[in-house]
Amino acid sequence: MKIIVHNDKCQGHARCWAMAPNIFELDDEGYIKPGDIDVAEADEKLAWKGAKSCPERALEIGK
Amino acid sequence: METFAARPIPAHVPPDMVGDFSLFSSPGMQPTPNGDPQAAAAVVHQGPRIFYSPVNTRDGRGTWVITRAQDQRKVLQDPETFSSHRSIFASALGESWPMIPLELDPPDHGKFRSLLNPLLSPKRVMALESAVRERAIFLIDRIAAAGTSCHVMEDFAFPFAVNIFLRFLGLSDDRLDEFVRWANALLHGDNVQRPAAARTIIGFIDELSAERRRRPVDDFMSFLVQSKIDDRPLTDMEIRGTGVLLFIAGLDTVAAAIGFDLNYLARHMDDQQLLRSDPSRIVLAAEELLRAYPTVQMIRVATRDIDFEGAPIRRGDYVSCATMIANRDPLEFPHPERIDLAREDNRHTAFAYGPHRCLGSHLARREIVVGLEEWLKRIPPFRIKQGTAPVTFGGHVFGIENLVLDWS
């Protein structure tokens, strides 16, 4: 599974990070680091929940 | 209640788009014993997705009201069309300068956010947590030792939130009561009290920044006066605008949230028992309480004419995105009227959407969670004290007063 990160939409709510800090990494300002995220199979459920937690809809679940 | 000369409804607003709901005057918005203003505001979901409210700001102006979360997201994510620059604080003095970063628009907004974001990032807040918890424990233990009832706002919520804020500013607790009075007069006072409080706060911020310029220490204001934007130091007005915003944003909002949360738990013993028996549920529960009891309405100003979901918004029109309305949108939250402390998939807008997302949101969340954790750990099952009634009110910032809890 891949998480497509729309950095232009991230506003630093950090809800994804609160859900899964090891999957969604933040920069020093508290916004998500650039680049799509490859998710290991074991982490898929958590990553899905993290992506779904974004109030701005900045995280898209890809294949 | 202040009264204002009625402003005519602008000619471009179609008569059938005028609604009679107002966050200031509708049922449940005036001071109400045992009220529930957030639930009362949800009445708008029986109406259209957007309408014009003729009197919907503190100074009696009309606004468009965006009821759906999805539409509020569109407005708040588009600062080019919906500007946040409206000098809400300065206008109380008949002046025009922005509170920073809230009332700046991109691209200037981003420069100030980049400067300030690291100070209140999730990681930085983790480092502040022990001080937050220590303060909560101190206040709650004092309350528990003093008897079997307390005035929540005066004895806990305000001294807790204001202390954390003062610590952030690098100031001692000595003037805590004074600060609470200033904030109250500014946010909830009348047409005489508000400008007087605004001047007092400006005087305080200006004096503090001058002092930190002379003798910098390790605190927020020293950081600000030594900071640079575009390779130049901040101007006095920028420092004032930033300091004023921090002052206002840090004082009232967290205290109000804690008040509404404890009011809810005092009236729902089953939920109180649930959190008491399993404190690990508090983090998720706090999100649901933020959804159900947010306190702020965002107002934006249209920078151009735009037809928005059937509404002819014209340049200069005010557009209201009230958090308590979006958070009760049935299209966004199944059964929004139900408060479910285990609710998942809870993308509420208590801290707004878009680039102006509350800068202090991470600290606010920690304060609320830690406050609830320590309260439930140290205070036995509590209810509203018999013979008393908390008074809630709507308006620009929702609040609760006279919240007396009893555990005798």
Side-chain angles (χ1 to χ4, degrees), chain A, chain B residues 69-70 72-79 101 106 109-127 283-284 286-287 290-291 294 321 323 326-327 329 332-333 343-366 369:
Chain A
M1 187 169 101
K2 200 183 191 99
I3 305 281
I4 300 158
V5 176
H6 300 280
N7 281 91
D8 55 329
K9 282 197 159 180
C10 174
Q11 304 295 356
H13 294 262
R15 305 316 296 149
C16 57
W17 173 84
M19 194 73 77
N22 297 325
I23 300 173
F24 302 97
E25 289 183 52
L26 305 182
D27 64 18
D28 289 342
E29 288 191 41
Y31 292 61
I32 194 154
K33 288 184 177 172
D36 297 344
I37 301 166
D38 284 312
V39 180
E41 215 172 303
D43 291 338
E44 282 190 358
K45 195 174 167 201
L46 200 56
W48 188 86
K49 282 175 84 171
K52 284 291 193 189
S53 71
C54 179
E56 308 285 351
R57 316 300 195 256
L59 300 171
E60 189 186 331
I61 296 162
K63 288 288 163 195
Chain B
Q70 181 194 340
Q72 286 199 8
R73 202 177 297 120
K74 265 189 234 161
V75 168
L76 296 171
Q77 287 180 340
D78 180 5
H109 171 260
K111 297 173 189 170
F112 280 89
R113 280 298 287 241
S114 286
L115 180 67
L116 300 173
N117 276 329
L119 303 179
L120 286 158
S121 73
K123 284 170 202 168
R124 184 66 69 91
V125 166
M126 285 167 80
V283 170
L284 197 63
E287 292 302 314
L290 279 165
R291 181 192 71 82
C321 294
T323 54
N327 280 355
D329 175 4
E332 187 92 350
F333 303 98
R343 188 186 288 267
E344 306 239 18
D345 200 13
N346 195 351
R347 292 176 281 186
H348 64 73
T349 177
F351 299 111
Y353 305 117
H356 294 287
R357 185 265 310 164
C358 172
L359 176 63
S361 63
H362 308 298
L363 181 57
R365 277 193 160 97
R366 276 333 285 170
V369 167

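In what follows, every chain begins at residue 1, and chains take the letters A, B, ... in the order their sequences are listed. Because the structure is predicted, anything quoted here is derived from the model rather than measured.
The distance from atom NZ of B:Lys123 to atom CG of A:Asp27, rounded to the nearest 0.5 Å, is 7.5 Å. Rounding to the nearest 0.5 Å gives a distance of 14.5 Å between NZ of A:Lys52 and CG of B:Asn346. The distance from atom CD of A:Gln11 to atom OG of B:Ser361, rounded to the nearest 0.5 Å, is 11.5 Å.
More than 12 non-hydrogen atoms from other residues, nucleotides or ligands lie less than 6.0 angstrom from CG of A:Asn7.
B:Ser114 touches chain A through backbone and side chain together, each having a heavy atom under 4.5 Å away. With a threshold of 4.5 angstrom between heavy atoms, A:Cys54 approaches chain B through N, CA, C or O but not through any side-chain atom. Only the backbone of B:Ala352 comes within less than 4.5 Å of a heavy atom of chain A; no side-chain atom from C-beta onward does. Within the 4.5 angstrom heavy-atom criterion, no atom of B:Gln70 approaches chain A.
Within the 4.5 Å cutoff, the side chain of B:Glu344 has heavy atoms near those of the A:Lys49 side chain. At least one side-chain heavy atom of B:Arg73 sits under 4.5 Å from a side-chain heavy atom of A:Arg57. The side-chain heavy atoms of A:Leu26 and B:Pro122, taken from C-beta on, include a pair separated by under 4.5 Å.
The nearest pair of heavy atoms linking B:Tyr353 to A:His13 is CA-NE2, 4.4 Å. Residues A:Glu29 and B:Arg113 come closest through the heavy atom pair OE1-O, 4.0 Å.
Distance alone, capped at 3.5 Å, places no donor-acceptor pair between the A:Lys9 side chain and the B:Gly354 backbone. Between the side chain of B:Arg347 and the backbone N or O of A:Ser53, no donor-acceptor pair lies under 3.5 Å. Remark: the backbone N or O of A:Gly30 is not paired with any side-chain donor or acceptor of B:His362 at under 3.5 angstrom. B:Gln77 contributes a side-chain N or O that, together with a main-chain N or O of A:Glu56, makes up a donor-acceptor pair within less than 3.5 Å.
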